[in-house]
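One structure is given here, and the rest of the page talks about it.
By convention here, the first residue in the shown sequence is residue 1. All of these numbers come straight from a predicted model, not from anything done at the bench.
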Amino acid sequence: MYGWASDSEHLCFRARSRVERNTHSHDHYLKYRSSNVVRNTVARYANRAGNLLILFFLTPYLLSKLGADMLGLQVMAFQAMQFCILLGSACGMGYSRFATVHYGRADYAKMNETLGRGLSLTSLILVAVAAVIATLAVFAEQVLNLHGEVLRAGRTVILIIGAGYLFDQLTEVWGSPLFMSQRIYVGQIGQLAARVLSTVAVVTLFAFSTPSIVKWVSLTVVSTVLVKLLYVLPAARRAVPQAAIRFKSLKGHEFREMTHFSAASLFVSLGMLLYYASSSIVISNLPSLGVAKVVAYNLGQRWDPQVRELALGLALALTPVFTNLYAQNDKEGLQKTYLLNLRYAFLLCLLPVVLLFVYAKPLIGLWIGAEYMAESGVVLQLSMLNVIASVPYIIGYEVLAGLGQIRRVAWVNVIGGLANIALGLILATYGRLGLTGVALGMLLTHGILLSSYVIGAVNRKLGIPLRRLLHDTCFRPAIVGIAIIVPSCLLFQLSPPAT
């Protein structure tokens with residue numbers, strides 16, 4: 001870690017020295033102060049680690065209190081809601097980016113106009129999203145294959161989670177100054193605080209009343225709303241006091257550019273949701289699996305986003321560096337920064353990937369119960385293979401974003417996401433692999449297909465031969481991987497975990 005920090009800071013310093021000749025570029029680069037990059041990255045890691053620790057202990061508690069069917073409702077509702085709010089999220093990416101440009105130029109009038117248009121567009125989108133959420137609740141039986149008591153609870157859960165998402169999307173306009181001023185860590189702290197608050201509240205409430213999925217979901221939404229109103233939004237107002245957000249008309253050249261950028265972001269997000277937010281819907285609608293198997297799959301697959309966060313946090317912190325090097329036409333700097341940080345992303349993920357792969361089944365068995373060990377354990381192992389295979393995509397995508405070359409990646413994301421659903425259905429049904437087939441479909445389409453495309457795209461844009469890529473990024477991680485795998489397997493065979 002410390003070696004990587006020194007190398008990365010050295011590259012940043014070189015880039016900064018080159019742009020000092022251009023006042024505007026230099027001022028823009030200084031917006032990404034190293035202190036805020038560190039805060040944002042550390043806060044993101046802390047948020048993930050805190051959530052992982054809480055869920056590790058909270059999941060078996062909720063499973064024992066609510067049961068697999070009811071807890072599966074929350075997973076299904078969250079994943080279904082990701083599709084409902086897709087357009088609003090893409091809109092948020094658009095107005096945040098353009099407002100940040102004006103903020104960097106100290107043009108606060110145009111900044112407020114952009115945010116005002118963002119508010120107007122978001123409000124219109126949320127009216128349509130609310131109608132979609134209500135429709136989903138009404139037709140939950142047909143869409144999510146719910147029946148009886150589970151159907152009644154499911155409709156309520158969808159409406160509660162939907163209301164929370166609508167609030168979050170609308171208030172995101174007033175929270176955008178945190179992104180503009182590079183104080184993203186405030187939102188990360190707020191998310192962790194809301195998780196802690198809802199956990200304490202549900203344990204206390206269930207100790208004195210009958211447990212129910214509706215109570216648990218209500219507590220998560222209420223906790224998020226309170227933290228956002230009392231902490232996140234006030235911090236956003238202090239971050240950019242010049243912000244004065246009012247409704248603005250949806251017209252002008254910049255609005256058209258903003259909608260084009262949002263459309264590109266929409267397809268990127270859609271592609272990722274086809275990977276990560278479709279599994280529960282697929283599983284619940286397969287006669288051989290059903291709603292009860294959603295939790296079994298989620299117990300193994302949920303470790304994927306937690307571990308990949310190690311690479312993703314690094315990639316997001318480096319996005320301004322890639323953008324600045326591209327602006328200065330520093331091809332050599334782009335090559336070195338990409339290769340260096342791809343290698344370190346592999347190294348960051350290796351230890352948790354190996355340990356979770358080797359100890360997957362006993363971990364699930366001792367954590368949740370022996371009845372989940374076989375299915376969830378295999379899903380966890382395939383998810384870890386997907387994480388390590390996806391590292392080139394995670395870092396490479398940020399390079400392509402810095403180069404402004406994400407349109408084709410967006411289409412490949414969508415095509416790969418659709419292939420993931422189709423392949424999962426085929427392997428689970430006709431291949432008779434069940435949950436293993438769903439997880440294997442993800443590995444083949446995301447970890448292999450999507451990563452291979454991004455590797456090729458980045459290599460072509462930066463002029464990096466495949467041989468150099470493999471030597472500079474895979475040689476050392478491979479040695480470290482062997483050094484971790486061998487003793488881990490030996491220890492597992494000699495002393496299998498019993499507690």
Give me each pair satisfying salt bridge (charged side-chain N to carboxylate O under 4.0 Å, His left out) with a member in residues 359-381, each pair once, sequence neighbours excluded. K293-E375
Exactly one of E309, Q306, R195 clears side chain to side chain donor-acceptor pair (under 3.5 Å) with N51, and that residue is R195
So how far is it from S376 OG to I368 CD1, rounded to the nearest 0.5 Å? 8.5 Å
Under the salt bridge (charged side-chain N to carboxylate O under 4.0 Å, His left out) definition, can you give me all pairs with a residue in residues 239-250, not counting sequence neighbours? none
CD of Q301 to CE of M384: how many Å apart, nearest 0.5 Å? 8.5 Å
Do other residues, nucleotides or ligands put more than 12 heavy atoms under 6.0 Å from K215 NZ? yes
Sequence neighbours excluded, the answer for ring-ring contact (aromatic ring centres under 6.0 Å, His included) partners of F267 is W411
Would you give me the side-chain donor-acceptor pairs under 3.5 Å for residues 52-61, sequence neighbours excluded?
residue: T59; atom: OG1; partner: L55; partner atom: O; Å: 2.7
residue: T59; atom: OG1; partner: R302; partner atom: NH1; Å: 2.7

N47 (side chain) donor-acceptor with A43 (main chain) under 3.5 angstrom: no
Checking Y372 now: which residues fulfil ring-ring contact (aromatic ring centres under 6.0 Å, His included) with it, not counting sequence neighbours? none
Rounded at 0.5 Å granularity, tell me how far OG1 in T210 sits from NZ in K65. 10.0 Å
Check: Y359 and L366 side chains under 4.5 Å, non-hydrogen atoms: no
Name all pairs fulfilling the salt bridge (charged side-chain N to carboxylate O under 4.0 Å, His left out) condition that reach into residues 160-169, sequence neighbours left out, sorted by first residue then second. D168-K228
Which value, rounded to the nearest 0.5 Å, describes the distance between E113 atom CD and D107 atom CG? 8.5 Å
Using modelled atom types only, decide if a donor and an acceptor are shared between the side chain of R155 and the backbone of V138 within a distance under 3.5 Å. yes
